[in-house]
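For reference, the structure discussed in these notes is given below.
Residue numbers begin at 1 in each chain, while the letters A, B, ... track the order of the sequences. Side chains are part of it too, since the values below use all heavy atoms of this structure and drop only hydrogens, waters and symmetry mates.
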Protein chains: 2
Amino acid sequence: MTSALPRVPKPEKRDRYEELLVAAAECFQKQGFSATSIDTVARYLGATKGRVYHYFPSKMDLFNAVRDRAMALAFDAIRPGYESDLPPVEKLAAMSTGHVKAMMQHHSYMQVLLDGLQMQRFGATTEFQRAAMERHLGERNAFEACFREVLQAGCDAGDLKLGRMSYILQSYLVALNGPVFWYRPREGDDDEKYATIAEDVVRFALAGVGVAEFPILSIRS
Amino acid sequence: MTSALPRVPKPEKRDRYEELLVAAAECFQKQGFSATSIDTVARYLGATKGRVYHYFPSKMDLFNAVRDRAMALAFDAIRPGYESDLPPVEKLAAMSTGHVKAMMQHHSYMQVLLDGLQMQRFGATTEFQRAAMERHLGERNAFEACFREVLQAGCDAGDLKLGRMSYILQSYLVALNGPVFWYRPREGDDDEKYATIAEDVVRFALAGVGVAEFPILSIRS
DNA sequence: GCAAACATACTACTCAGTATGTTGTCAACG
DNA sequence: CGTTGACAACATACTGAGTAGTATGTTTGC
């Protein structure tokens, strides 16, 4: 429960750490936090809990690590679009496409990420955990703020038609997050498949905020 | 785990049954299925597990009962619109508005409903449970089919612009379900507040499928 | 030979489900 | 009209199966 800063493991050690993260993401995604035991994660790797507790002091820390990684992946996915100097609508399209693709590429991580958000309901247990949750909510807010900013810019430029920003922003984001709920990874799904789905989803979301024509994307994510 | 048909309790008995359902919905919503113990639900009512097990043979049956009720509420919410003889776009608007309002009015039930859907990942445990899940997926498909049908009708009539139906349908539904994830019930929220939010959400979703102008609703839900 | 990277063994606790006890109500019977 | 007994509606007590976390081996690379 110490929730220490995410110490970066040494080069070789890093792989084992990464294996654990992936395994945990997979298990948490399949069964949820409570239903996943440390032994479940360990057995997933053909190991025992000794290995897990060697890298993470508690189940909650393991979960937090997965969630933080997921959040980082989400940021990485929208960064190219967000940091570009495209006009608002194109920028929004680029960010959205990156985000939707990431939802499918990192399906397990992203499902854990959304699960973790709902876990506010849990009511944080310890003081450390409360702090970790606080920090994470901050990151989540920063993430939403990126979209809010670009949406607002598009609105100010007269390119978007919005209702109350708060509700529209949430609706927009939940539409982008959609694939986490309804997309099931299939053998052989590649980037092309992701792009196809992402195009439809982003077209829907953009139309929702008043963009009739899907802009041509010059940014590839 | 017997998952008997939802026997309808006798008039007086019915209230206690209902109390249990509500309590269970509240607990499952707050903590999720696994993290909610039978004792949690009992204590929520100031009772003990004896009371719970008097009405439900197992935790899973309790959960299924809540989920079934939620599904019924969802159907009730879209029925007036669906069974009307409005043209497709107006029908869609009526169904959608009813659905979004229900998401907020029956927030706990609806959150459990969506949680339960994701619980496929659990991999059903017993034979009975597998059957219950099968039945529930059937209901869910029937629900989606209602929207799919009306969307298709609107598309055929040339009123909607859709991409691949499957992805658009899912995006549309997830946008409508959105409030379950981002709306937090507030003291003093009434039907008027719900209507305000629903209007924005439905406007977004309809715009997503190409309806530029929000149709006037003649059906009140 | 020593520490990292685990595995094994153990403890305290929770929780689903069951078995059994208790209380109030209502009906039939004397 | 009072007594009894049967049943519904719970509460209490208990069991067995996990499970988080810890304490303590054991191996392997350097």
Side-chain angles (χ1 to χ4, degrees), chain A residues 1-4 7-24 27-28 30-66 119 122-126 128-129 132, chain B residues 1-4 7-21 23-24 27-28 30-66 119 122-129 132:
Chain A
M1 300 277 188
T2 49
S3 207
R7 64 215 163 82
V8 182
K10 300 291 176 193
E12 173 212 89
K13 186 170 176 175
R14 175 150 202 125
D15 292 344
R16 309 308 297 249
Y17 180 89
E18 212 66 27
E19 266 186 33
L20 264 174
L21 262 197
V22 171
C27 294
F28 284 139
K30 273 196 212 134
Q31 321 205 17
F33 176 76
S34 302
T36 300
S37 71
I38 296 287
D39 297 273
T40 305
V41 178
R43 254 174 318 195
Y44 184 92
L45 292 167
T48 66
K49 32 194 329 177
R51 178 165 170 194
V52 179
Y53 279 106
H54 183 70
Y55 290 87
F56 298 93
S58 80
K59 182 180 174 184
M60 205 60 201
D61 283 277
L62 176 57
F63 183 83
N64 285 338
V66 172
M119 203 177 282
F122 244 76
T125 47
T126 77
F128 285 116
Q129 178 51 23
Chain B
M1 302 278 188
T2 50
S3 205
R7 63 215 163 81
V8 182
K10 300 290 179 193
E12 175 211 87
K13 185 171 176 175
R14 173 149 204 126
D15 292 343
R16 308 309 296 250
Y17 179 90
E18 211 66 27
E19 267 186 34
L20 265 174
L21 262 196
C27 295
F28 284 140
K30 273 195 213 136
Q31 323 205 16
F33 176 76
S34 300
T36 300
S37 70
I38 296 287
D39 296 272
T40 305
V41 178
R43 253 175 320 195
Y44 184 92
L45 293 167
T48 65
K49 29 190 336 175
R51 179 165 169 194
V52 179
Y53 279 107
H54 183 70
Y55 290 87
F56 298 93
S58 80
K59 183 180 174 184
M60 205 60 201
D61 284 276
L62 176 58
F63 183 83
N64 285 338
V66 172
M119 202 177 283
F122 244 74
T125 47
T126 75
E127 194 55 46
F128 285 116
Q129 178 50 22

Within 45° cone and under 6.0 Å: A/K59 NZ/CZ vs A/F28 ring: no
Considering non-hydrogen atoms only, spot the tightest contact between A/V52 and A/A42 and give its length. CG2-CB, 4.1 Å
Could you check how far CZ of B/R43 sits from P of C/dC15, rounded to whole Å? 7 Å
Each nucleotide in nucleotides 5-14 of chain C should get exactly one letter: B, S or -. Can you fill that in based on protein heavy atoms under 4.0 Å? BBBB------
Are B/F63 and B/M119 close enough that some pair of their side-chain heavy atoms sits under 4.5 Å apart? yes
Return the CG to OH distance between A/D61 and A/Y53, rounded to the nearest 0.5 Å. 10.0 Å
For B/Y17 and D/dA8, what is the distance between atoms OH and C1' respectively, to the nearest whole Å? 17 Å
Which atom of B/A65 lies closest to which atom of B/F56, heavy atoms considered: CB-CE2, 3.6 Å
Starting from C1' on D/dG21, measure out to CG on A/D39 and report it in whole angstrom. 11 Å
What does the 5'-to-3' dot-bracket notation of DNA chain D look like when only Watson-Crick and G-U wobble pairs under 3.5 Å count, and pairs to other strands show as |? ||||||||||||||||||||||||||||||
Specify the separation, in whole Å, of atom CE of B/M60 and atom C1' of C/dG17. 16 Å
So, applying side-chain contact (heavy atoms from CB on, under 4.5 Å) with A/I38, which one of A/K49, A/R43, A/R51 is it? A/K49
Residue pair A/Y44 / A/T40, side-chain heavy-atom distance below 4.5 Å: no
State whether the side chain of A/T36 and the backbone N or O of A/C27 hold a donor-acceptor pair below 3.5 Å, judged by distance alone. yes
Do the side chains of B/N64 and B/Q129 get nearer than 4.5 Å, heavy atoms only? yes
Rounded to whole Å, how long is the line connecting atom CG of B/L62 with atom P of C/dG17? 10 Å
Find the distance A/K59:NZ to D/dG21:P and express it as a whole number of Å. 8 Å
Rounded to whole angstroms, how far apart are CG on A/D15 and C1' on C/dA4? 16 Å
Whole-Å distance between C/dT18 P and B/F56 CZ? 16 Å
Which part of the nucleic acid does B/T40 contact within heavy-atom distance under 4.0 Å: base, sugar-phosphate only, or nothing? nothing
